[in-house]
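First up is the structure itself, then whatever we jot down about it.
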Amino acid sequence: MKAPALPAAFGFLASARPGGGRVPDAVFATRGSRTDMDTPLRAQSLTATLVHAPGVRPDAAQAQDTDTAVLLAGEFYNRAALRSVLPPGTEPDSDAQLLLQLLHRYGLHAFRLLNGRFAAMVSLGHRVLLATDHAGSVPLYTCAAPGEVRASTEAKTLAAHRDPRGFPLADARRVAGLTGIYQVPAGAVMDIDLASGKATTHRTWTPPLARRIMPEDEAVAAVRTALDQAVAARVPSGSTPLVVLSGGIDSSGVAACAHRAAGTLDTVSMGTDTSNEFAQARAVVDHLRTGHQEVMIPTADLLAQLPYAVWAAESMDPDIIEYLLPLVALYRALDGSARRILTGYGADIPLAGMHREDRLPNLDTAVAYDMATFDGLNEMSPVLSALGGHWTTHPYWDRDLLDLLVSLEAGLKRRHGQDKWVLRAALADALPEETTRRPKLGVHEGSGTTSSFSRMLTEHGVAEQAIPEAKRQVVRKLFGLTVADGRHPSEVSTDEVAQSVADRFAQGAA
């Protein structure tokens, strides 16, 4: 089973119910082709709209037999290992077919075996299973009531069709601002009784709590091997991957491993008229000899894309939106056909890269906190790149690599006065020294996003001490307009929303 250039489906909206039905019309933020499917089973029917890249076979995103139907958005990265546990002669021709056969062998525990980036819905007898990968990197939302379970990879597609009969689901997070809609937890499978709508949630992955003490050379070798494997699993044979490159250690490490895996590589960097990291990225480009593109986005245009960032991430956390805004702007600016894009996003969480001090107890506290609270932030949602029709994947959150990075004791992460020391040492022979020693800089810092957002609010009259709260209100209002109320981001003005928030502050001050 050859890894496809792109997943069969980027996302879906689906409904499971006895006797079948029709999936409501929906507006997806994901750009691409749409295909409707209707799968009748003995006890229920699964109807769905799939969103996928043009030219991709959407039927590979679903698999069925008499009593079971599988719907899959995304992809698996440990296919060879998964196939090895199936009976001899078993030859699944897609990830959905592979999951169907694993379910027959292991039941819902099949999800404990998967290392991937996916969301899945399974109709099984009188039950519905909803599952996410270990990181919840493809968000999955649901609205359940007796006799019907609806699920979607974008909450906004459920917002207009909420059922007042819906009730809280066990261990699922209610989506703020969207009554009756819940988010499936990361690393979990929800088993829902179709008749009653009641659910039982089973954890399939949790972040490691124990820490491993390893000699320097052993830790460095382990990180290098695990990163190489995580990147290689995301690079289909014969393809030229595209890596988002800032010139920092995270993205540069992915670029070096992708170049080694594919033999050829394209890279892209993004900057604004306020700030950019083009010079730092060029050092890596020259070292690896990649095909490279620099995308310059005026600050005004960047801020104008705030509605798109909120619409895609479906998050009301202003810090997260700031991190994601420059990436959203970049993905929307990329021309051409759908691409598979690798990023260095997420390495800071298991390695405490943003924690810039030498006190190890504080560093490990930061790791433990971030690993306990990442779920629901939607930092790695594929919709961010799918706004431009592209598929992203994030090797540092590969399940096996993540297990290793989180479990390393803090002294391997902060060592010899360097943040993320073990990663820097692991890449020392693959990158220029200026890259491996470069201090950490967040994408929102390197692009000037944080300062530009603050300056916009200041120019509208918001006092400096009120900026954090003003940002929260701007993002909350954008969420209400685009996600809850269904307005397209092109109809929403960042400037007008910012002014309305500033006016509210002025009235309060008066």
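Quick note: numbers below take in every heavy atom, side chains included, and nothing from hydrogens, waters or symmetry partners. Each residue takes its place number in the sequence, starting with 1. Just so we're clear, the structure is a prediction, and the values are computed from it rather than from any experiment.
Leu387 approaches Ala29 most closely through the heavy-atom pair CD2-O, 3.5 Å. The heavy-atom pair separating Leu412 from Ala219 by the smallest distance is CD1-CB, 3.8 Å. Across every non-hydrogen atom of Leu342 and Pro395, the tightest pair is CD2-CG, 4.2 Å. Tyr331 and His390 get closest at one heavy-atom pair: O-CD2, 3.7 Å. Shortest non-hydrogen contact noted between Arg399 and Leu114 is NH1-O, 3.2 Å. Pairing each heavy atom of Gly197 with each of Leu169, the nearest pair is O-CD2, 3.5 Å.
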Test side chain to side chain contact (heavy atoms under 4.5 Å, CB included) applied to Val122 and Val128, step by step: CA-CA 6 Å; Val122 180; Val128 175; over 6 Å; no

Does the pair Thr35 and His52 meet the rule for a side-chain hydrogen bond (donor to acceptor under 3.5 Å, both in side chains), with working shown? CA-CA 8 Å; Thr35 300; His52 55 92; 2.8 Å; yes

Would you sort out whether Arg340 and Thr393 count as a side chain to side chain contact (heavy atoms under 4.5 Å, CB included), showing the intermediate values? CA-CA 8 Å; Arg340 171 178 290 268; Thr393 179; 4.2 Å; yes

ring-ring contact (aromatic ring centres under 6.0 Å, His included) between Phe76 and Phe118: does it pass, once the steps are laid out? CA-CA 7 Å; Phe76 303 150; Phe118 67 87; 5.4 Å; yes

Evaluation steps, side chain to side chain contact (heavy atoms under 4.5 Å, CB included), between Val184 and Thr201: CA-CA 9 Å; Val184 179; Thr201 299; over 6 Å; no

Walk me through whether Val70 and Gln62 qualify under side chain to side chain contact (heavy atoms under 4.5 Å, CB included). CA-CA 5 Å; Val70 170; Gln62 64 95 24; over 6 Å; no

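When side chains are defined from C-beta on, His134 does not count as touching Asp403, because their heavy atoms never get closer than 4.5 Å. The shortest distance between side-chain heavy atoms of Thr157 and Val27 does not fall below 4.5 Å. The shortest distance between side-chain heavy atoms of Leu129 and Met121 does not fall below 4.5 Å. You'll find the side chain of Asp364 reaches within 4.5 Å of the side chain of Arg211, heavy atoms only. Side-chain contact between Leu71 and Leu50 is present, with at least one heavy-atom pair separated by less than 4.5 Å. Residues Pro139 and Gln183 are in side-chain contact: their nearest non-hydrogen atoms beyond the backbone lie under 4.5 Å apart. For the pair Val268 and Leu330, the minimum side-chain heavy-atom distance is below 4.5 Å. Asn378 has its side chain out of reach of Leu384: every pair of non-hydrogen atoms, C-beta onward, lies at least 4.5 Å apart.
Thr132 places a side-chain N or O within 3.5 Å of a backbone atom of Gly187 that can act as its donor or acceptor partner. Under the 3.5 Å distance criterion, the side-chain polar atoms of Ser252 are matched with a main-chain donor or acceptor of Gly248. With Ser152 contributing its side chain and Leu158 its backbone, the two residues share no donor-acceptor pair below 3.5 Å. In this structure, Ser269 contributes its side chain and Ser246 its backbone to no donor-acceptor pair below 3.5 Å. Distance alone, capped at 3.5 Å, places no donor-acceptor pair between the Lys156 side chain and the Ala26 backbone.
Using modelled atom types and a 3.5 Å distance limit, the side chains of Arg332 and Gln305 yield a donor-acceptor pair. A donor-acceptor contact closer than 3.5 angstrom links the side chains of Asp65 and His104. Residues Thr343 and His394 bring a donor and an acceptor atom of their side chains to less than 3.5 Å of each other. Between the side chains of Asp36 and Thr49, at least one donor N or O sits under 3.5 Å from an acceptor N or O. With hydrogens and angles left out, the side-chain atoms of Asp133 and Trp205 include no donor and acceptor closer than 3.5 Å. Gln229 and Tyr77 form no side-chain donor-acceptor contact under 3.5 Å, judged by distance and modelled atom types alone. For the residue pair Asp193/Ser196, the side-chain donor-acceptor check at 3.5 Å is satisfied. Inspection of the Glu379 and Tyr323 side chains reveals no N or O donor paired with an N or O acceptor under 3.5 Å. Judged by distance alone, the side chains of Glu314 and Ser381 never bring a donor and an acceptor atom under 3.5 Å apart. Side chains of Gln293 and Asp266: a donor-acceptor N/O pair is absent below 3.5 angstrom, by distance only. Judged purely by distance below 3.5 Å, without hydrogens or angles, the side chains of Arg112 and Thr204 never pair a donor atom with an acceptor atom. A donor-acceptor pair shorter than 3.5 Å cannot be found between the side chains of Thr482 and His488.
Ion pairing between a basic and an acidic side chain is recognised when a charged N comes within 4.0 Å of a carboxylate O; Arg17 and Glu148 show such pairing. Residues Asp191 and Arg127 are paired through a salt bridge, judged by an N-O separation under 4.0 Å between the basic side chain and the carboxylate. With salt bridges taken as basic N to acidic carboxylate O contacts below 4.0 Å, one links Arg57 and Asp59. Under the 4.0 Å criterion applied to side-chain N and carboxylate O atoms, Asp398 and Arg117 are not assigned as salt-bridge partners. In this structure, Lys420 pairs ionically with Asp348, as a charged nitrogen and a carboxylate oxygen lie closer than 4.0 Å. Comment: Arg212 does not engage Glu218 in a salt bridge, judged by the lack of any side-chain N to carboxylate O separation of less than 4.0 angstrom. For the pair Arg472 and Asp317, the salt-bridge criterion is not met [side-chain N within less than 4.0 Å of a carboxylate O]. Salt-bridge check for Arg173 with Asp375: passed, with a basic side-chain N closer than 4.0 Å to an acidic carboxylate O.
The structure places CG of Leu41 at 8.5 Å from OG1 of Thr66, a figure rounded to the nearest 0.5 Å. Between atom OG1 of residue Thr290 and atom CG of residue Leu245 there is a gap of 7.0 Å, rounded to the nearest 0.5 Å. How far CZ of Phe12 is from OG1 of Thr47: 12.0 Å, rounded to the nearest 0.5 Å. With rounding to the nearest 0.5 Å, the separation of CG in Leu306 from OG1 in Thr494 is 4.5 Å. Atoms CE and OG1, from Met371 and Thr206 in turn, are 9.5 Å apart once rounded to the nearest 0.5 Å. To the nearest 0.5 angstrom, Leu423 atom CG is 6.0 Å from Asp250 atom CG.
The environment of Arg203 atom CZ is dense: over 12 non-hydrogen atoms of other residues, nucleotides or ligands sit within 6.0 angstrom. Within 6.0 Å of atom NE2 in His126, 12 or fewer heavy atoms from other residues, nucleotides or ligands are found, so the atom counts as exposed in its surroundings. For Tyr369, the OH atom sits in a loose shell: 12 or fewer heavy atoms of surrounding residues, nucleotides or ligands are nearer than 6.0 Å.
Between Trp397 and Phe374, the ring planes are perpendicular. Angles over 60° get that label, and only those under 30° would be called parallel.
If you look at Tyr345 and Tyr396, their ring centroids are not closer than 6.0 Å.
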